[in-house]
> 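Shown below is the structure under consideration.
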Amino acid sequence: MGQTSPCALCEEQRLNRQDKESELRLSLETRVAEDVTVICCKGTIAYRAEAAALSGEFAELAPRTRRVVIDLCGVEMIDAAGLGALISVALTAQASLCSVTLAAPANLIRELLELTKLTSVFEVHPTLDAATVAFRQSQRQEQAPACKF
């Protein structure tokens with residue numbers, strides 16, 4: 001019968017604990033409502049797997065969609081890595097010709113977005129409904145025929 005060394009056992013337990021922690025800190029649910037893709041975030045967008053999960057989720061979606069709303073209503077905290085993930089989202093969106101807006105950030109998160117000037121990068125709407133309505137209005141304006149005089 002082989003024995004696992006104490007160091008290997010400790011490392012395995014640490015990795016299992018790390019996997020469980022990252023799973024619990026941020027959940028992402030993606031859905032499509034008509035022509036707008038919504039990424040609902042719940043938890044924290046922070047250093048480690050959480051920030052990478054948001055960037056990765058968006059990178060997978062960007063080539064297949066033109067309008068994305070990131071719903072922040074369930075986000076409790078964003079740290080510097082989370083802000084970096086949002087910048088990564090903005091760069092990926094620009095490269096993919098995809099529009100992204102943020103919806104429903106809590107007051108402290110909205111203040112952080114303003115402080116870091118990310119409100120100049122993203123449109124920020126107070127609710128998910130407001131963000132989707134804004135997208136649909138902009139789509140109607142794009143499709144309206146030009147006035148000819």
Side-chain angles (χ1 to χ4, degrees), residues 4-143:
T4 305
S5 73
C7 289
L9 185 59
C10 288
E11 181 64 12
E12 183 179 338
Q13 288 173 343
R14 184 186 70 76
L15 290 173
N16 286 339
R17 188 172 51 250
Q18 204 172 33
D19 287 344
K20 288 177 185 173
E21 286 175 1
S22 66
E23 287 174 14
L24 297 176
R25 290 187 179 177
L26 179 66
S27 68
L28 300 171
E29 179 187 321
T30 302
R31 65 180 185 274
V32 178
E34 294 179 32
D35 57 340
V36 178
T37 302
V38 178
I39 302 173
C40 293
C41 304
K42 292 191 187 335
T44 62
I45 304 173
Y47 179 71
R48 295 191 343 193
E50 296 87 358
L54 178 59
S55 297
E57 179 80 10
F58 183 79
E60 286 181 29
L61 290 171
R64 300 187 315 253
T65 187
R66 293 289 157 242
R67 292 179 167 83
V68 176
V69 176
I70 299 177
D71 185 0
L72 300 174
C73 75
V75 175
E76 301 156 3
M77 191 268 295
I78 295 179
D79 70 358
L83 295 172
L86 290 176
I87 292 168
S88 174
V89 163
L91 293 172
T92 302
Q94 184 178 23
S96 302
L97 301 175
C98 180
S99 298
V100 180
T101 64
L102 305 179
N107 287 338
L108 289 176
I109 292 173
R110 181 166 182 103
E111 289 174 13
L112 182 61
L113 295 171
E114 290 170 357
L115 181 69
T116 57
K117 305 288 189 227
L118 282 175
T119 52
S120 66
V121 175
F122 295 102
E123 282 187 37
V124 181
H125 296 275
T127 65
L128 177 57
D129 287 343
T132 55
V133 165
F135 263 144
R136 290 196 178 101
Q137 286 175 344
S138 69
Q139 182 182 16
R140 279 189 218 112
Q141 290 172 352
E142 290 170 8
Q143 292 175 348

> Please report the shortest heavy-atom distance between I78 and L112, naming the atom on each side.
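I78 and L112 have their closest heavy atoms at O-CD2, 3.6 Å.
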> Going from CG on D35 to OG1 on T65, what distance comes out if it is rounded to the nearest 0.5 angstrom?
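Going from CG on D35 over to OG1 on T65, the span is 8.0 Å.
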> Considering only heavy atoms from C-beta outward, does the side chain of V69 approach that of L128 to under 4.5 Å?
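Side chain of V69 against side chain of L128, heavy atoms only: contact under 4.5 Å found.
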> Going through the distances and angles, do I45 and L72 end up as a side-chain contact (heavy atoms from CB on, under 4.5 Å)?
CA-CA 10 Å; I45 304 173; L72 300 174; 4.1 Å; yes
> Just how far is it from atom CG of L102 to atom SG of C73, taken to the nearest 0.5 Å?
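That separation rounds to 12.5 Å.
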> Taking S120 for its side chain and K117 for its backbone only, find out whether a donor-acceptor pair lies under 3.5 Å.
yes
> Is the backbone N or O of S88 less than 3.5 Å from a side-chain atom of T92, with the two atoms forming a donor-acceptor pair by type?
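Here the side-chain-to-backbone pair exists.
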> Hey, does V75 have a side-chain heavy atom less than 4.5 Å from the side chain of K42?
no
> If I compare all heavy atoms of D79 with all of Y47, which pair ends up nearest, and what's the gap?
OD2-N, 3.0 Å
> Are S99 and V68 close enough, and set up right, to give a side-chain contact (heavy atoms from CB on, under 4.5 Å), and what steps lead you there?
CA-CA 6 Å; S99 298; V68 176; over 6 Å; no
> Of all heavy-atom pairs between R66 and S96, which one has the smallest distance, and what is that distance?
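Looks like NH1-O, 2.7 Å.
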> Is there a side-chain contact between T30 and V38, using heavy atoms and a 4.5 Å cut-off?
no
> Could you pull out the closest heavy-atom pair between A33 and R136, with the gap in Å?
O-NH2, 2.9 Å
> Counting N and O atoms only, with roles assigned by atom type, does the side chain of T132 sit under 3.5 Å from a partner on the main chain of D129, one being a donor and the other an acceptor?
yes
> How close do L26 and T44 get, heavy atom to heavy atom, and via which atoms?
CB-O, 3.3 Å
> Start with the C-alpha distance between R67 and T37, add both sets of side-chain angles, then the distance that settles side-chain contact (heavy atoms from CB on, under 4.5 Å), and finish with yes or no.
CA-CA 6 Å; R67 292 179 167 83; T37 302; over 6 Å; no
> Please tell me if the side chains of L113 and L115 come closer than 4.5 Å, counting only heavy atoms from C-beta onward.
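Not in contact.
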> Given F122, which of T101, V100, I87 fulfils the side-chain contact (heavy atoms from CB on, under 4.5 Å) condition?
V100
> Of all heavy-atom pairs between V121 and A90, which one has the smallest distance, and what is that distance?
CG1-CB, 3.6 Å
> Starting at CG of D71, measure out to NE2 of H125 and round the result to the nearest 0.5 Å.
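These two atoms lie 12.0 Å from each other.
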> Considering residues, nucleotides and ligands other than E114, do more than 12 of their heavy atoms fall under 6.0 Å from its CD?
yes
> Quick one, R48 and R25 - any side-chain contact, counting heavy atoms below 4.5 Å?
yes
> Spell out, as yes or no, whether a donor-acceptor pair under 3.5 Å connects the side chain of R31 to the backbone of C40.
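Not a single qualifying donor-acceptor pair exists.
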> What's the verdict on side-chain contact (heavy atoms from CB on, under 4.5 Å) for V124 and R110, showing C-alpha distance, side-chain angles and the deciding distance?
CA-CA 8 Å; V124 181; R110 181 166 182 103; 2.8 Å; yes
> Is the shortest side-chain heavy-atom distance between L54 and C41 below 4.5 Å?
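Yes, close enough: below the 4.5 Å cut-off.
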